[in-house]
Amino acid sequence: MAAMTNEQWAFAFGILGNIISILVFLAPVPTFYRIYKKKSTESFQSLPYQVALFSCMLWLYYSLLKGMSSAFLLVTINSFGCVVETIYLTMFFSYASRKSRISAMKLFAFMNVGLFSLILILTHFAIRSAPARISVLGWICVSISVSVFAAPLSIVVRVIRTKSVEFMPFNLSFFLTLSAIFWFGYGMFKKDLCVALPNVGGFILGMLQMLLYAIYRNSKGVIDEKKLPEKTKNVTMVTTIVPDEAYVVDIHVEEDANENEKAEETVEKKEESKEASGDQSECQV
C-alpha cells in the first residue's frame with residue numbers, strides 16, 4: 001500500500017476540519033431560535049457574529065487569492081461561514097431594540113464594510129506582486145486570529161474565579177480543540193504557516209479549557225453576585241480554527257431559594273429592630 005502524499009493528508013485534514021467547523025458555526029442556532037421565539041435579542045450582543053463574519057470574509061479573500069485548486073477547502077468553509085453569519089446578523093438587526101440596532105449597524109459599517117474594503121483596496125492596488133499580496137493578507141488574518149484570543153482567555157479566568165465550568169461547556173471546548181488540530185494539520189501539510197500558526201494557540205487554549213473542566217467539573221462553584229447580576233448570562237467564546245468563529249453560550253444563573261429566604265428574614269429582622277429602636281427613642285422623649 002502506497003503512502004499518502006502531503007496533498008492527500010491535507011485533503012483529509014481539510015475535510016475533517018470542514019465537518020467540525022460546520023458544527024461550530026451552527027452552535028449559535030439555539031440562541032437565535034430563542035431570539036426568534038421571543039422577538040427580542042435581550043442582552044445578547046452582535047460583536048461575536050460581526051467578528052466571525054469579518055474573519056470569514058478575510059479568510060475567503062485569502063483563499064480565493066491562493067486559487068480554488070490549492071485552497072478549495074478553505075473557500076468552502078469560509079463561504080458557508082459568511083452565509084451563516086449573515087443570517088445571524090440579519091436576525092439580530094430584525095429583533096434588536098432601536099438603540100442596539102443602530103449600534104450594531106455602526107459596527108457593521110465600520111468593520112465589515114469600511115475596514116474590509118480598506119484592506120481589499122490596499123492589498124489589491126498597493127501591492128502589485130501576487131505572492132506578496134497573499135503573504136501580507138495571510139499575516140493580517142493571523143493577527144486577527146491572535147487578537148481574538150482574549151475571549152476564550154476571559155472564560156478561563158472566569159472559570160478559575162468562580163470555580164464553576166457552567167461557563168465553559170465541555171463538548172464545545174472538545175470540538176474547538178479538534179478543529180484546531182485538523183486545521184493545524186491542514187496548514188502543515190499545505191505548508192501554509194498562516195493557516196497552521198493560529199491553531200497552535202487554539203490547541204493550547206482548548207487543552208487548557210478541558211483541563212480546567214476536569215479540575216472543576218464536580219465543583220459546585222462560587223458565583224459572585226456582584227459580577228453576575230443577571231439571571232441569564234451570555235458568554236462569548238471564539239474558536240481558533242480557520243476562520244475564527246465566535247459564538248455565544250447561554251448561562252442560566254439560578255438563585256438559591258434557601259439563600260433568598262435567609263436574605264428576606266434578615267431584612268425583616270433589620271426592619272423590626274429599626275421599629276423597636278424608634279419606639280424606644282419615642283418613649284425616651
Side-chain angles (χ1 to χ4, degrees), residues 21 23-59 78 80-116 143-159 161-162 164-169 171-173 175-176 202 205 209 223-241 243-254:
S21 297
L23 295 177
V24 174
F25 274 123
L26 297 178
V29 167
T31 296
F32 281 89
Y33 179 72
R34 171 181 169 179
I35 290 174
Y36 169 75
K37 293 287 287 185
K38 294 193 173 185
K39 309 298 181 185
S40 171
T41 57
E42 300 177 297
S43 61
F44 293 106
Q45 298 179 352
S46 66
L47 179 61
Y49 313 103
Q50 305 234 34
V51 172
L53 178 59
F54 180 61
S55 181
C56 286
M57 291 165 64
L58 283 177
W59 281 110
N78 287 288
F80 179 82
C82 285
V83 172
V84 171
E85 297 303 331
T86 301
I87 293 173
Y88 290 156
L89 287 173
T90 301
M91 291 185 65
F92 185 92
F93 293 148
S94 299
Y95 296 115
S97 63
R98 185 175 182 275
K99 183 178 179 181
S100 297
R101 186 185 302 114
I102 292 174
S103 177
M105 286 184 172
K106 286 181 179 178
L107 179 61
F108 181 85
F110 169 75
M111 182 167 59
N112 293 291
V113 178
L115 186 56
F116 179 78
S143 64
I144 292 173
S145 300
V146 173
S147 67
V148 297
F149 282 172
L153 281 175
S154 66
I155 293 174
V156 168
V157 173
R158 187 185 291 258
V159 169
R161 188 182 71 243
T162 62
S164 172
V165 293
E166 65 176 337
F167 306 102
M168 188 180 64
N171 289 341
L172 290 175
S173 298
F175 280 115
L176 298 185
L205 281 173
Q209 289 175 352
I223 302 298
D224 186 352
E225 296 297 339
K226 293 181 180 179
K227 298 292 184 181
L228 303 172
E230 303 172 3
K231 290 184 179 179
T232 303
K233 290 287 176 184
N234 53 84
V235 178
T236 305
M237 300 179 70
V238 183
T239 77
T240 49
I241 59 176
D244 303 299
E245 162 64 359
Y247 61 92
V248 174
V249 180
D250 295 340
I251 304 299
H252 298 280
V253 182
E254 298 180 356

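Crowding of K37 atom NZ: a count of heavy atoms from other residues, nucleotides or ligands under 6.0 Å not exceeding 12.
Using a 4.5 Å heavy-atom cutoff, the side chains of E85 and F54 are not in contact. Contact of the I35 side chain with the E42 side chain is not registered, since no non-hydrogen atoms from C-beta on lie closer than 4.5 Å.
Separating the CG atom in L107 from the CD1 atom in I102 is a distance of 14.0 Å, to the nearest 0.5 Å. I144 contributes atom CD1, which lies 9.0 Å from atom CH2 of W59 (distance to the nearest 0.5 angstrom). Interatomic distance, CZ of R101 versus OG1 of T41, reported as 8.5 Å (0.5 Å rounding). Atom-to-atom distance recorded for S46:OG and K106:NZ is 13.0 Å, nearest 0.5 angstrom. We find the CZ-CE distance between F44 and M91 to be 11.5 Å, quoted to the nearest 0.5 Å. Distance check: N78 CG to S55 OG gives 7.0 Å after rounding to the nearest 0.5 Å.
For the pair Q50 (side chain) and A104 (backbone), a donor-acceptor distance under 3.5 Å is present. Counting only distance, with no hydrogens or angles, the side chain of S103 and the backbone of K99 share no donor-acceptor pair below 3.5 Å. Between the side chain of S94 and the main chain of T90, a donor-acceptor pair closer than 3.5 Å is present.
Pairing each heavy atom of N112 with each of M57, the nearest pair is O-CE, 3.3 Å. Closest of all the heavy-atom pairs between P30 and A27 is CD-O, 3.1 Å. Annotation for C56 and C82: closest pair CB-SG, 3.6 Å, computed over non-hydrogen atoms.
Ring orientation note: the planes of Y88 and F32 are close to parallel, at an angle under 30° on the 30°/60° scale.
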Output, in order, the C-alpha distance, side-chain angles, deciding distance and verdict of ring-ring contact (aromatic ring centres under 6.0 Å, His included) for F108 and F92. CA-CA 12 Å; F108 181 85; F92 185 92; over 10 Å; no

